[in-house]
Amino acid sequence: MVSDTFDFLNGRASDVAPRLLGCILERELDGEVVRVKIVETEAYDETDAASHSYKGRTQRTDIMFGPPGHLYVYFTYGMHYCCNIVAGGEGTGAAVLIRAVEPLSGIEVMETHRLQSGVQLTNGPAKLCQALAINKSLNGHDLTKEPLRLIVEPALANEAIEQTVRIGISKAKDVPWRFYIKDNPYVSR
DNA sequence: AGCGGGATTTTCT
DNA sequence: GAAAATCCCGCTT
């Protein structure tokens with residue numbers, strides 16, 4: 001672990017997920033600095049039937065079992081990328097899916113990549129990856145480095161956070177590991 | 001406003 | 001060979 005501010009990422013995915021709400025992702029793209037705020041997350045770990053890491057370490061999930069603070073990018077439905085921040089210690093198959101972000105700067109750059117605007121820009125896991133041009137080439141990327149950095153902000157108050165079941169999964173539907181910032185317009189659904 | 005289907009390819013059984 | 005941590009469009013109320 002390079003940075004002390006990343007220490008909390010060593011914890012359980014279900015503790016890390018709400019802690020990431022309000023944190024910033026800074027992306028260098030097309031010569032501009034694009035900044036977004038994380039507003040919706042979901043936790044996944046190896047005890048969890050809905051998690052890619054549930055069946056153990058494979059070629060695909062290798063990054064999830066690696067050191068925290070790196071990016072786990074997967075491709076799904078034949079056309080979409082989704083991105084996670086790896087949590088837990090080395091050897092632990094845990095990660096937090098970034099489901100939605102709020103644009104702060106570089107909005108025109110994102111519109112160029114996403115071909116949409118307003119909340120449609122980033123209110124879903126595959127949408128924000130398209131807006132930020134995140135693909136397999138960033139799988140395993142160290143989030144302390146360019147061109148994509150995680151900037152940790154102070155934890156939000158519990159009253160500002162809503163906790164529900166996760167979206168779009170067929171297993172472990174009742175596990176309440178989805179977290180989002182209450183009343184934020186960029187939250188999905 | 002809500003429902004249903006299609007796109008399209010990686011990954012694991 | 002089937003399912004998948006999704007999204008978009010078109011059709012029906």
Side-chain angles (χ1 to χ4, degrees), chain A residues 9 11-21 23 25 36 38-66 68-88 92-103 107 110-141 143 148 150 161-181 184-189:
Chain A
L9 293 177
R12 296 182 314 176
S14 55
D15 291 329
V16 174
R19 181 67 184 78
L20 282 170
L21 294 176
C23 291
L25 283 172
V36 298
I38 298 170
V39 302
E40 180 180 353
T41 58
E42 284 180 359
Y44 292 88
D45 75 21
E46 55 199 306
T47 69
D48 167 22
S51 174
H52 293 166
S53 59
Y54 184 60
K55 300 253 166 79
R57 193 167 187 162
T58 64
Q59 184 171 16
R60 179 208 210 181
T61 61
D62 192 55
I63 301 298
M64 278 185 84
F65 285 86
H70 290 234
L71 199 68
Y72 166 50
V73 181
Y74 69 89
F75 184 73
T76 192
Y77 290 104
M79 57 179 73
H80 297 303
Y81 293 101
C82 296
C83 69
N84 298 245
I85 294 176
V86 176
T92 304
V96 175
L97 172 69
I98 308 302
R99 278 199 62 87
V101 300
E102 175 182 331
I107 291 173
M110 285 189 277
E111 287 172 346
T112 301
H113 287 264
R114 171 84 183 109
L115 305 177
Q116 296 270 356
S117 61
V119 297
Q120 291 299 320
L121 207 49
T122 54
N123 68 342
K127 297 179 186 181
L128 70 92
C129 282
Q130 188 182 3
L132 293 171
I134 291 172
N135 55 44
K136 258 323 198 27
S137 71
L138 283 170
N139 191 29
H141 173 72
L143 289 169
L148 181 62
L150 172 68
I161 298 175
E162 203 77 59
Q163 178 172 5
T164 70
V165 295
R166 293 171 294 182
I167 289 179
I169 54 174
S170 57
K171 299 167 199 160
K173 287 182 178 207
D174 51 337
V175 177
W177 280 2
R178 173 176 178 243
F179 304 87
Y180 61 89
I181 299 179
N184 187 287
Y186 287 88
V187 171
S188 67
R189 292 275 174 104

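Residue numbers start from 1 in every chain, and the chains themselves are labelled A, B, ... in the order their sequence lines are given, proteins ahead of strands.
Atom CG of Asn139(A) and atom SG of Cys83(A) lie 10.5 Å apart (nearest 0.5 Å). Interatomic distance, CG of Asp45(A) versus OG1 of Thr92(A), reported as 9.0 Å (0.5 Å rounding). Atom-to-atom distance recorded for Leu132(A):CG and Leu138(A):CG is 10.0 Å, nearest 0.5 angstrom.
Residue pairs that meet the side chain to side chain donor-acceptor pair (under 3.5 Å) test with at least one member in residues 73-88 of chain A, sequence neighbours left out, do not exist here.
Contact annotation for Ala50(A): base contact, defined as any heavy-atom pair under 4.0 Å involving a base atom. At the heavy-atom level, Ile169(A) lies under 4.0 Å from the strands shown only through sugar-phosphate atoms. Arg99(A) comes within 4.0 angstrom of the backbone, heavy atoms only, and of no base.
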Where along nucleotides 4-13 of chain B does protein come under 4.0 Å, by heavy atom, of base (B) or sugar-phosphate alone (S), with - for untouched nucleotides? ---BBBSSSS
Taking protein heavy atoms under 4.0 Å as touching, what does nucleotides 8-13 of chain C look like 5' to 3' if B marks base contact, S marks sugar-phosphate-only contact and - marks none? S-----
Could you summarise the pairing of DNA chain C as dot-bracket text, marking Watson-Crick and G-U pairs under 3.5 Å with ( ) or [ ] inside the strand and | across strands? ||||.|||||||.
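With both ends at atom P, the span from dA5(C) to dC3(B) equals 22 Å, rounded to whole Å.
Remark: P of dT6(C) and CG of Asn84(A) are 11 Å apart, rounded to the nearest angstrom. The NE2-C1' distance, from His52(A) to dT6(C), rounds to 12 Å in whole Å.
Residues that satisfy the side chain to side chain donor-acceptor pair (under 3.5 Å) test with Gln163(A), not counting sequence neighbours, are absent from this structure. Under the side chain to side chain donor-acceptor pair (under 3.5 Å) criterion, Ser137(A) pairs with Asn135(A), sequence neighbours left out.
Per the stacking criterion (ring centres < 5.5 Å, plane angle < 30°), Tyr74(A) does not stack onto the base of dA5(C).
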